Amino acid sequence: MPAQNAHGVPPGSQGAPPVPSAQQVQGAPPGPSAPFGQAGEGAYGGRPPQGGTPSNGAGGAALYPVAEQQEGAAGYPAADAFEPGAGLAWSRISPRYPWHRRIAALVRAIPIAAIGAFLLWRGGGTVAALLWVAGVLAVLVVSWIVVEVAYRAHGYAERGDDLIVTSGVFVRRLIVVPYGRMQFVDVTAGLLERWMGVATVRLHTAAAATDAVIPGLPAAEAALLRDRLARKGEERSMGL
């Protein structure tokens, strides 16, 4: 049996490196060939190497904490997908908007009911004419209710980098328009709108699908919103 030195290593093996102990391996950073996940998080500062996937080596669970995985989602939970977020509240449109829609529907319904009732009276008698008028009135009542719901669904909010607009009765919709993407803003008002003192603000972008419309704003508020959006759009465009 060959002689051993004071450290218990055979004479022919004095040049070989000593075998590290379990305590030394536990806290040491892994070498280039060590699989990711066997060392502590301090080896990569909690981040995987380029091209790597974080794993703890046991069940493949990510080393990232849950709060880091959900970063940025805390202010916009799934249950509030149609809320402005960040503690903002919706700016509502004018209460004159539903009355504008109702008057417009009434103006259209009167000639439709009269002409249809006259034609049916000549061809089918009084009963047919009355049924037609009753049908037009029923549609008018349903429109009256839908307009009120649509008024409550409309809203907009100005955030730091974009404008969000929500609307929709049967299908809810939320549009996010970055200020830097706006091409121009226009304000329109028909005869009835001008008489009632309201206007519609339209935001046009490069993609027509992302154009946003804010109807039923008081005329003065529409002018101020137009100027603010135009100024913010110009500032963001110069910064791109």
Side-chain angles (χ1 to χ4, degrees), residues 80-85 88-159 162-177 182 184-205 208-230:
D80 297 332
F82 293 97
E83 294 298 327
L88 297 176
W90 290 116
S91 297
R92 297 299 177 181
I93 59 178
S94 172
R96 298 177 184 176
Y97 170 77
W99 288 104
H100 165 259
R101 295 286 302 273
R102 289 164 182 163
I103 294 174
L106 183 62
V107 170
R108 290 191 297 266
I110 289 176
I112 292 175
I115 295 174
F118 175 75
L119 294 177
L120 289 175
W121 174 74
R122 293 190 60 182
T126 305
V127 176
L130 292 176
L131 289 176
W132 172 262
V133 173
V136 173
L137 289 176
V139 172
L140 190 61
V141 171
V142 172
S143 301
W144 190 285
I145 298 173
V146 171
V147 164
E148 180 65 25
V149 178
Y151 160 69
R152 298 178 183 274
H154 274 289
Y156 68 96
E158 300 176 61
R159 299 194 297 189
D162 50 45
L163 176 79
I164 51 178
V165 181
T166 183
S167 62
V169 177
F170 301 106
V171 178
R172 194 74 181 272
R173 186 183 186 188
L174 187 143
I175 301 177
V176 180
V177 183
M182 291 188 303
F184 64 95
V185 182
D186 66 60
V187 180
T188 59
L191 292 175
L192 184 57
E193 288 177 305
R194 293 201 302 270
W195 177 69
M196 300 188 69
V198 295
T200 299
V201 177
R202 286 182 172 84
L203 295 83
H204 299 270
T205 62
T210 58
D211 289 354
V213 179
I214 308 175
L217 288 177
E221 183 177 344
L224 293 175
L225 179 62
R226 174 203 61 197
D227 294 340
R228 287 198 305 269
L229 294 178

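Small disclaimer: the values here were computed from a predicted structure and weren't measured. Positions are given from 1, in the same order as the sequence printed here.
- Considering all non-hydrogen atoms of both residues, A212 and V165 come closest at CB-CG2, 3.9 Å.
- Rounded to the nearest 0.5 Å, atoms CG (L203) and OH (Y156) are 11.0 Å apart.
- Rounded to the nearest 0.5 angstrom, E158 CD and L229 CG are separated by 5.5 Å.
- Listed by first then second residue, pairs satisfying ring pair (Phe, Tyr, Trp, His ring centres under 6.0 Å) with a partner in residues 88-109 read Y97-H154, W99-W144, not counting sequence neighbours.
- Taken from CE in M196 to CG in L191, the straight-line distance is 13.5 Å, to the nearest 0.5 Å.
- Atom CZ of R92 sits in a crowded spot, with more than 12 heavy atoms from other residues, nucleotides or ligands closer than 6.0 Å.
- Atom CG of D227 is separated from atom CG of L224 by 6.5 Å, given to the nearest 0.5 angstrom.
- Between I164 and I175, the closest side-chain pair of non-hydrogen atoms is not below 4.5 Å.
- Looking at heavy atoms from C-beta onward, V177 lies in side-chain contact with T205 at the 4.5 angstrom threshold.
- Note that CZ of R228 and CD of E221 are 7.5 Å apart. Values are rounded to the nearest 0.5 Å.
- Legend: residues meeting salt bridge (Lys or Arg N to Asp or Glu O under 4.0 Å) with R108, ordered by chain and number and at least two apart, are absent.
- Residue V201 comes nearest to A222 through the heavy atom pair CG2-CB, 3.7 Å, listed as atom of the first residue, atom of the second, then distance.
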Check the pair T166, R173 against side-chain hydrogen bond (donor to acceptor under 3.5 Å, both in side chains), reporting the backbone distance first and the verdict last.
CA-CA 6 Å; T166 183; R173 186 183 186 188; over 6 Å; no
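- The closest donor-acceptor contact from the side chain of W132 to the backbone of I112 lies under 3.5 Å.
- Put simply, the side chain of R102 never gets that close to the backbone of V147: no donor and acceptor are under 3.5 Å apart.
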Criterion side-chain contact (heavy atoms from CB on, under 4.5 Å) on L163 and R159, from CA distance to verdict
CA-CA 6 Å; L163 176 79; R159 299 194 297 189; over 6 Å; no
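- Smallest separation of non-hydrogen atoms from A199 and V187: CB-CG1, 3.7 Å.
- Not one N or O on the side chain of S94 forms a donor-acceptor pair closer than 3.5 Å with the backbone of L217.
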Test side-chain contact (heavy atoms from CB on, under 4.5 Å) on V149 and V169; report intermediate values, then the result.
CA-CA 6 Å; V149 178; V169 177; 3.8 Å; yes
Please step through side-chain contact (heavy atoms from CB on, under 4.5 Å) for the pair I214 and L225, ending with a clear verdict.
CA-CA 10 Å; I214 308 175; L225 179 62; 3.9 Å; yes
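- Listed by first and then second residue, the salt bridge (charged side-chain N to carboxylate O under 4.0 Å, His left out) pairs involving residues 185-202 amount to none (not counting sequence neighbours).
- A89 and A157 get closest at one heavy-atom pair: O-CB, 4.2 Å.
- The nearest pair of heavy atoms linking I93 to G216 is CB-O, 3.7 Å.
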